[in-house]
Each structure stands twice: as structure tokens, then as C-alpha cells.
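Letters go in sequence order (proteins before strands), and every chain restarts at 1.
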There are 2 protein chains.
Amino acid sequence: MKVKYHAGVKRSYGQYCAVARALDLVGERWTLLIVRELLVGPRRYTDLLEGLPGIGTNLLALRLRELEKAELVQRRTLPPPGVATVYELTELGEGLREPVLALGRRGGRFLAERRDRDERRPAWYVLSMEATFDVALAAGGDVAYELRVDGEVFHVEVRDGTASFGQSSRRVPDVILATDVDTFVLALSGEVRPGAALTSGDLELLVGEREQVERLFRMFAWPRAA
Amino acid sequence: MKVKYHAGVKRSYGQYCAVARALDLVGERWTLLIVRELLVGPRRYTDLLEGLPGIGTNLLALRLRELEKAELVQRRTLPPPGVATVYELTELGEGLREPVLALGRRGGRFLAERRDRDERRPAWYVLSMEATFDVALAAGGDVAYELRVDGEVFHVEVRDGTASFGQSSRRVPDVILATDVDTFVLALSGEVRPGAALTSGDLELLVGEREQVERLFRMFAWPRAA
DNA sequence: CGGAATCCTCTTCGATACTG
DNA sequence: CAGTATCGAAGAGGATTCCG
């Protein structure tokens, strides 16, 4: 006698193990990538669709419901003006930052293989900066950066040997940098030197010194494959 | 028209993002749990089946092939006596240790909810010890432990503020401890005090001092939920 | 236009049976 | 012991439609 799976009974590994339990919640297809998007900041439904090329709208809706039920994500209605519903991580969901960054640190080893069809989104590389931040190179600095990549704006503050990231910022930036996603990737991966990109115009320095830009890309450089 | 399962190009998220790339390789169902098993030590095919209750044998075989192709896992044929093929992590696969442990650290929050049907395996909790190791409590110590849990043997060496784990060891243990998986879990989670378990006989101290046992379970205690 | 629900097809999973 | 083969069930992907 087969028991029919009715909607709502979630599949589980059925193991009393912390790793398996975590994967029960976030191990399904797309789920950790949704979390990745939300680690950069709150997002509207259509922002998520945009940031997750290939996901079906039905699947996104389903995953968001599951994440809400697991209390990893909550939806919030922004007050007017600009009324909108956004999804954001709960405190519990924030706890996934370290695992996701750790996964990204390893995954970087596989980015050497470029594939032409691959999508790129500025936010992914801002998150990579968080993963590859090199504390040793940040010592003594105190700089607020504003990055404008393909029109999207991000703020990075390096201070007291720590880096903080966000899309809004109270602080007036010391450095404002504008570029496109291609140049951004090449500068982080070390394939293009920031100085050269500034000269060619691929990187535009609106506020600040060239030297601060070079320092930025040194602090957040992707580790070179061996 | 039916096509054998070679023809299918592997599904990919198609994103030039380190997290997505990592999930292309290890994001499918069961894959990270296979890695979890191998993080404790090399395993034979049937060991893996045993340690992954619920996996289908076809799926295990398929996943191992994928992991081999991705060069995260390799198979090795042990020399006689005891001829057998084992699977083990490559150096690249070893790189998944941090992400898996990080996931487990978070997943621990969800273990408060006990479910009766959940399987338990000693190795999972030895891996949890690696995830929850508290450096501050290990300072100054130099102790080699042998843990025998439901007949499986593990070695833990705490030295110079670091802990190393394995199933074989060159060093003669200072402490030998035997128990069953239930007691092991309860002692790690803090629900049973090691002293009480020693008294009741659930925990057997074959070599060493009671005080070393209490120290062990303090160093590797699961963080208490808030 | 944002935020989904529905329908349909295709792929993957899970369980069992079978083999060198 | 170490896997293949098979097949029904569940999940994913895509297009379309619906609602406020």
C-alpha cells in the first residue's frame, strides 16, 4: 500500500545530524541561491527573479514559502512612499552567511573555467568581496567606498580591520567608483589591473584617489589558483 | 525517445558565481552528505550505504561517479590483506570541510527538535566535535582520546590548542572511553553530565581519569540554544 | 506592474530486484 | 561486496493565465 505524498509533507533525510537538518531546510535546488541573494540585502519578488536567471516563478514562490515556514526568511511591507513587499533574512537566516561564504570560497576554485553562457550579476561579486576579504591588508585603513556597477549601487566600509557591506549607507563615501560588471570581475580576479582600467576608462573614479582603488582590489582580490 | 543517462549534459545553474558553481558540483540531493561521510575517513561502498540510510544504491553509485568526475572524490584499491575499494576525498574535496562544518554549526540550531524516526550514526557526532571545538577550553592540554561508540573506534587528539580527528592513530591513547550512541549524543548536547553517565555505567572509562572525560565533553559541547 | 497559481512536460529520485 | 537495471512517484522547468 503506497502512501501518497500530499502537499505539505516535506521530504527529509531523516537523520539526527546537524548537517542533514540544515540540508532538510536549505538543501533543495535554488534555495541556497535565494539565500545568497538575500545576504546582500532585502529583495522584492521580481528582484529575486532577476537575480536568479533560470528559476521558474512557481518555484521561486514555493521556495519562498518554505523559507518563510522555516523562519529563515520573512516578508515585510515597506511603508509608503515606494510601497512594496520585500523578502529579507531573519536572524536565523542570517546564520547562513558563514556557510554560504565558505561554499563560495571553495567554489572560487572552479571559476577559472569560464563558460560563455554564464550569467553575471553585480551583487554576486559584492558578496564575493565579503568572502575573500583579507584582514591583513585592511589594517589601519578607514575608508568608505561606493561602488556603482552597471547602475547598481553598493557600499563597502573598511574600518578597524573589518569590512561591512550594504546597499544603503549613512556615511558619505570617500571613494566613488563606477564600472560595468565585466571590468568588475576582471579587476577582482586580477586579470586586469585597476590602474589600467582607470586609464582605459573601464573604471571611472568619481571621487577619491587612484591609490585607494588599487588598495580596494588588493583587499578583496580572488585567491589565485595554484 | 529514451536516452540513456549519459546523454544528459549535467544540469547547471549557469551562473558565473562561486556559490552557484559549488552548488553545480555538490548541490544535488545526497551529495553533501556523501562528502560528510568521507570527511571522517575513507569508506567502502557499503559503508556509505550504511552511513546514508535512505539513499538508493543507484543514486549512491551515480553520485560517486559525479564526484569522481568533478575530482572531489577518488577511489583507491587497498593492498592485501583486506583487499577492498575505498572512496576518499581528494585535496579538492577536502576543501569542502569548512563549508560542511559551517553548515553543521548552523544546523545544530535545529537539532533541539528531536524526531523519533531519525537515524543516528557515531561518525556524525565525531564530525560535530570538529565543528563545535572550543579552542579556548583546549589551551595547554595535550591528550589523546580513543572513543569507542557502538563498537566504532575514533581517535581525537587535543594538542597546542588544536584538535585532530581520525579513525587510526599512531599514538597510544591517554584516555579510552566506550559508550553507545545515545549516551554520546546526550553527553555532547549537555543533557547528561559525563560524571553521571560514568556512574550509571552508560559511559565506560577504560583508561584515564574522570576529570579528562569531563574536560572532553566541555571542549566539544554543542552550543546551547538561546 | 508586482506577485503569484495552473497546466503540462521532462528529469530526477526512491525502492526493489537483479548480477558479476 | 559492489554495484546495474527498472519503473512508478515526486520534483523541476516553461508557458500561460490570473488577480489587485
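Residue A/Trp30 places its side chain closer to D/dG13 than to any other of C/dG3, D/dG13, D/dA12. The B/Leu59 side chain lies nearest to C/dC13 when the options are D/dA2, C/dG2, C/dC13. Of the listed nucleotides (C/dG2, C/dG14, D/dA12), D/dA12 has the atom at the smallest distance from the side chain of A/Glu28. For B/Asn58, whose side chain is taken as the heavy atoms from C-beta onward, the closest listed nucleotide among D/dA5, D/dT4, D/dA12 is D/dA5.
Contact check, A/Arg75 against C/dA4: a side-chain N or O comes under 4.0 Å of OP1 or OP2. Within the 4.0 Å cut-off from OP1 or OP2 of D/dG3, at least one side-chain nitrogen or oxygen of B/Tyr87 is found. Contact annotation: A/Arg65 reaches the phosphate of C/dA5 (side-chain N/O to OP1 or OP2, under 4.0 Å). Phosphate proximity of C/dA4 to A/Thr57: absent, as no side-chain N or O sits under 4.0 Å from OP1 or OP2.
Note: A/Phe217 and A/Phe184 have perpendicular aromatic rings, judged against thresholds of 30 and 60 degrees for the angle between ring planes. The aromatic rings of B/Tyr125 and A/Tyr16 lie tilted to each other, with the angle between the two planes from 30° to 60°. By the 30° and 60° cut-offs, the orientation of the rings of B/Phe220 relative to B/Phe165 is perpendicular.
Distance CZ (B/Arg29) to P (C/dT11): 20 Å, rounded to an integer number of Å. Rounded to whole Å, the distance from CZ on B/Arg11 to C1' on C/dC13 is 11 Å. As a whole-Å value, the separation of A/Leu49 CG from D/dA15 P is 13 Å. To the nearest angstrom, P of C/dC13 lies 13 Å from CG of B/Leu33. For the pair B/Glu66 CD and C/dC13 C1', the computed distance is 12 Å after rounding to whole Å. The CG-P distance, from B/Leu62 to D/dA2, rounds to 18 Å in whole Å. At whole-Å resolution of the value, CD in A/Glu50 and P in C/dG3 are 14 Å apart. Rounding to whole angstrom units, CZ of residue A/Arg44 and P of C/dC1 are separated by 12 Å.
The cationic group of B/Arg21 does not satisfy the cation-pi geometry with B/Tyr13, failing either the under 6.0 Å distance to the six-membered ring centre or the 45° limit from the ring axis.
Side-chain contact annotation: B/Arg63 with B/Thr31, donor-acceptor N/O pair under 3.5 Å present.
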